[in-house]
**Q** 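My questions all concern the structure below.
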Amino acid sequence: MRNILITGGAGFIGSHVVRLFIHNYPDYKIINLDLLTYAGNLENLKDIEGKSNYTFVKADICDYDVVADVFSKYKIDGVIHLAAESHVDRSIKDPFSFAKTNVMGTLSLLQAAQNYWEGDFNKKLFYHISTDEVYGSLNEKGFFTETTAYDPHSPYSASKASSDHFVRAFHDTYNLPVVISNCSNNYGSHQFPEKLIPLFINNIKNNKPLPIYGKGDNVRDWLFVNDHAKAIDVIFHKGKLGETYNIGGFNEWKNIDLIKVLISTVDKLLGRKEGASEKLITFIKDRAGHDFRYAIDASKLKNELGWEPSLQFEEGIKKTVQWYLKNEEWVKNVTSGEYQKYYDEMYE
Ligand code: NAD
Ligand code: TYD
């Protein structure tokens, strides 16, 4: 029996984590706290909203009093913290909201846990979900390990790096039982179509230009979101206190090559001629401070806790494209109104 606070559970990765915990641990009570910003959507969890072990709380992680009430009302003994502003391009336009949510919001949760647990840390855990972007940018060679020095370049990664430092500071200063994981780029269902993969699937489908930053030669490591959720489950239950675990897909792609796979998959599934949508490729001005390459050495997680990605990339991409093509209504709902304004400002 555990009472677990999951923050950001109506967003992309959070909704997969909530679903996995609801199904795998019927004895746990899962409290999903989310502000439902543009990126959070209760439709993401429609299939589990009636479950007796699930509670949703609409709140801002920055609101310390509300967060503290949630800890005592639901007798929280575990936290999996995913709520964040998560898109690099938005952070370039509005760094303040990233500092507020990602830094101050994390601090508010840490302080609430610290005060509620009052030094009795038996069977308690504060698990902070972070990104490989805190390590900065690699050139052609090498991998990020858990001991790579932090070197963030975007306001997003700087805010996540700062939140990681606060989590470690609470461990070192107050003995708060914490664990951190830093994961590479995720893909899969329910991702807001501002990020590369869902944005491009949607544009290919609608014959809209595919805006590629620079020459498209930046490299990312891609992990299927359900595999990230499984890694979070393993680390939550078996991770060592005070430790960091890198999570990656062992799956690096140059943007332009990945985009060609997307084009070919969408075209095939829509019955178009092979490569018909390649004409949509449009090279645009590079993203400011664009990190060249991310690559993760996830061997600590594999060797110590036995986790590895379960899905081959081609299979994951096919499943992902099928999901976005089938869930037109979901895409339509999240891309109306404010999204249109954002898209016009960003690309047109
Ligand atoms: P997302 O943007 O899809 O979802 C974020 C969620 O947080 C949304 O539901 C939003 O409503 C909620 N939220 C935002 N501000 C809030 C606030 N002030 N109070 C309460 N809730 C708030 O993000 P995601 O891609 O699912 O990422 C989740 C976490 O995983 C983030 O911490 C991110 O840094 C990390 N991460 C993401 C990736 C990736 O590829 N997407 C990779 C590694 C790590
Ligand atoms: P993104 O999905 O925003 O993730 P991150 O920047 O956190 O890695 O972008 C993935 C890669 O795709 C990154 O190198 C930037 C590039 N990209 C484009 O070329 N065009 C776009 O419109 C977007 C959103 C991303």
Side-chain angles (χ1 to χ4, degrees), residues 6-18 32-42 44-45 57-63 66-67 80-92 97-98 100-102 104-106 108-109 128-134 137 154 156-157 159-160 163-164 181-188 190-200 203 209-223 225 228-229 232 246-249 253-256 258-259 281-287 289-294 296 334 343 346-347:
I6 299 184
T7 70
F12 167 47
I13 302 172
S15 61
H16 286 277
V17 174
V18 166
N32 171 16
L33 184 149
D34 195 302
L35 184 59
L36 300 180
T37 66
Y38 79 93
N41 188 342
L42 285 179
N44 294 352
L45 288 171
V57 179
K58 183 174 187 307
D60 187 340
I61 53 168
C62 299
D63 189 338
V66 172
V67 171
I80 306 177
H81 172 36
L82 297 111
E85 289 293 340
S86 67
H87 187 40
V88 173
D89 292 328
R90 285 185 191 255
S91 81
I92 294 168
S97 58
F98 282 69
K100 181 167 176 280
T101 296
N102 299 358
M104 296 304 287
T106 301
S108 142
L109 284 161
H128 177 61
I129 307 299
S130 192
T131 166
D132 62 352
E133 302 190 27
V134 299
S137 180
S154 73
Y156 164 64
S157 53
S159 68
K160 291 296 291 187
S163 65
D164 293 8
S181 59
N182 297 78
C183 187
S184 60
N185 288 55
N186 284 214
Y187 70 97
H190 301 92
Q191 186 171 29
F192 195 80
E194 62 186 353
K195 308 272 169 65
L196 180 75
I197 289 186
L199 173 70
F200 277 34
N203 283 13
L210 305 175
I212 302 176
Y213 297 143
K215 298 198 189 92
D217 52 9
N218 302 68
V219 176
R220 297 289 182 266
D221 172 69
W222 293 94
L223 177 67
V225 65
H228 188 188
I232 289 173
N246 280 354
I247 311 173
W253 286 83
K254 213 182 239 201
N255 287 344
I256 187 69
L258 169 68
I259 288 155
I281 289 178
T282 310
F283 293 98
I284 64 168
K285 187 166 169 267
D286 207 354
R287 173 189 275 173
H290 198 172
D291 286 333
F292 175 64
R293 173 171 168 257
Y294 302 144
I296 282 268
V334 301
Y343 196 90
M346 196 59 89
Y347 297 109

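In listed order, ligands and their atoms are each counted from 1. Both backbone and side-chain heavy atoms feed into the values below; hydrogens, waters and symmetry mates do not.
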**Q** Closer than 4.0 angstrom: is that true for some heavy atom of Gly105 and an atom of ligand 1?
**A** no
**Q** Heavy-atom distances under 4.0 Å are what count here, so tell me which part of Tyr156 touches ligand 2: side chain, backbone, both or neither.
**A** neither
**Q** Consider every N or O of Lys160 and every N or O of ligand 1, then say whether any pair is closer than 3.5 Å.
**A** yes
**Q** What residues form a ring-ring contact (aromatic ring centres under 6.0 Å, His included) with Tyr38, not counting sequence neighbours?
**A** Phe192
**Q** Does any N or O of ligand 1 fall below 3.5 Å from an N or O anywhere on Glu85, backbone included?
**A** no
**Q** Consider every N or O of Leu82 and every N or O of ligand 1, then say whether any pair is closer than 3.5 Å.
**A** yes
**Q** Just to confirm my output: which protein heavy-atom neighbour is closest to atom 25 (C) of ligand 2, and how far is it?
**A** Tyr213 CE1, 3.7 Å
**Q** Tell me the protein heavy atom at minimum distance from atom 16 (C) of ligand 2, and give that distance in Å.
**A** Asn255 ND2, 3.5 Å
**Q** Ligand 1 and Asp60, any nitrogen or oxygen pair closer than 3.5 angstrom?
**A** yes
**Q** Do any heavy atoms of Ser130 fall under 4.0 Å from ligand 1?
**A** yes
**Q** What residue and heavy atom of the protein are closest to atom 2 (O) of ligand 2, and at what distance?
**A** Leu196 N, 2.9 Å
**Q** Yes or no: does Leu36 have any heavy atom under 4.0 Å from an atom of ligand 1?
**A** yes
**Q** Would you check the N or O atoms of Asn185, main chain and side chain alike, for any that come under 3.5 Å of an N or O of ligand 1?
**A** no
**Q** Could you tell me if any non-hydrogen atom of Ser184 lies under 4.0 Å from any atom of ligand 1?
**A** yes
**Q** Verify side chain to side chain donor-acceptor pair (under 3.5 Å) between Asn203 and Tyr347, making sure each step is shown before the conclusion.
**A** CA-CA 12 Å; Asn203 283 13; Tyr347 297 109; over 6 Å; no
**Q** Does Asn41, backbone or side chain, put an N or O under 3.5 Å from an N or O of ligand 1?
**A** no
**Q** For ligand 2, which atoms have a heavy atom of Ile212 less than 4.0 angstrom away?
**A** 19 (O)
**Q** Regarding ligand 1, does Tyr38 bring an N or O atom to under 3.5 Å of one of the ligand's N or O atoms?
**A** no
**Q** More than 12 heavy atoms of other residues, nucleotides or ligands under 6.0 Å from NZ of Lys195: yes or no?
**A** yes
**Q** What protein heavy atom sits nearest atom 13 (C) of ligand 2, and how far off is it?
**A** His290 NE2, 3.5 Å
**Q** What protein heavy atom sits nearest atom 3 (O) of ligand 2, and how far off is it?
**A** Arg287 NH2, 3.0 Å
**Q** Consider ligand 1: state whether an atom of it lies below 4.0 angstrom from any non-hydrogen atom of Tyr156.
**A** yes
**Q** Checking a contact table here: which protein heavy atom is nearest atom 22 (O) of ligand 2, and how many Å away?
**A** Tyr347 OH, 2.6 Å
**Q** Measure Asn185 to ligand 2 on non-hydrogen atoms and call it side chain, backbone, both or neither using the 4.0 Å cut-off.
**A** side chain
**Q** Quick one: look at Asn186 and ligand 1, take heavy-atom pairs under 4.0 Å, and tell me if it's side chain, backbone, both or neither.
**A** both
**Q** How far is atom 15 (N) of ligand 1 from the closest protein heavy atom, and which atom is that?
**A** Thr101 CG2, 3.5 Å
**Q** Look at atom 8 (O) of ligand 2 and find which of Arg220, Lys254, Gln191, Glu194 reaches it with the closest heavy atom.
**A** Arg220
**Q** Please list the nearest protein heavy atom to atom 38 (C) of ligand 1 with its residue and the distance rounded to 0.1 Å.
**A** Ile13 CD1, 3.6 Å
**Q** Under 3.5 Å between any N/O of Leu33 and any N/O of ligand 1: does that happen in this structure?
**A** no
**Q** What part of Asp291, side chain from CB on, backbone N/CA/C/O, both or neither, has a heavy atom under 4.0 Å from ligand 2?
**A** neither
**Q** For atom 4 (O) of ligand 1, what's the nearest protein heavy atom and its distance?
**A** Gly11 CA, 3.6 Å
**Q** Check whether any N or O atom of Cys62, backbone or side chain, sits under 3.5 Å from an N or O atom of ligand 1, and answer yes or no.
**A** no
**Q** For atom 3 (O) of ligand 1, what is the closest protein heavy atom, and at what distance to 0.1 Å?
**A** Phe12 N, 3.1 Å
**Q** Please state which protein non-hydrogen atom is closest to atom 7 (O) of ligand 2 and give its distance, to 0.1 Å?
**A** Glu133 OE2, 2.6 Å
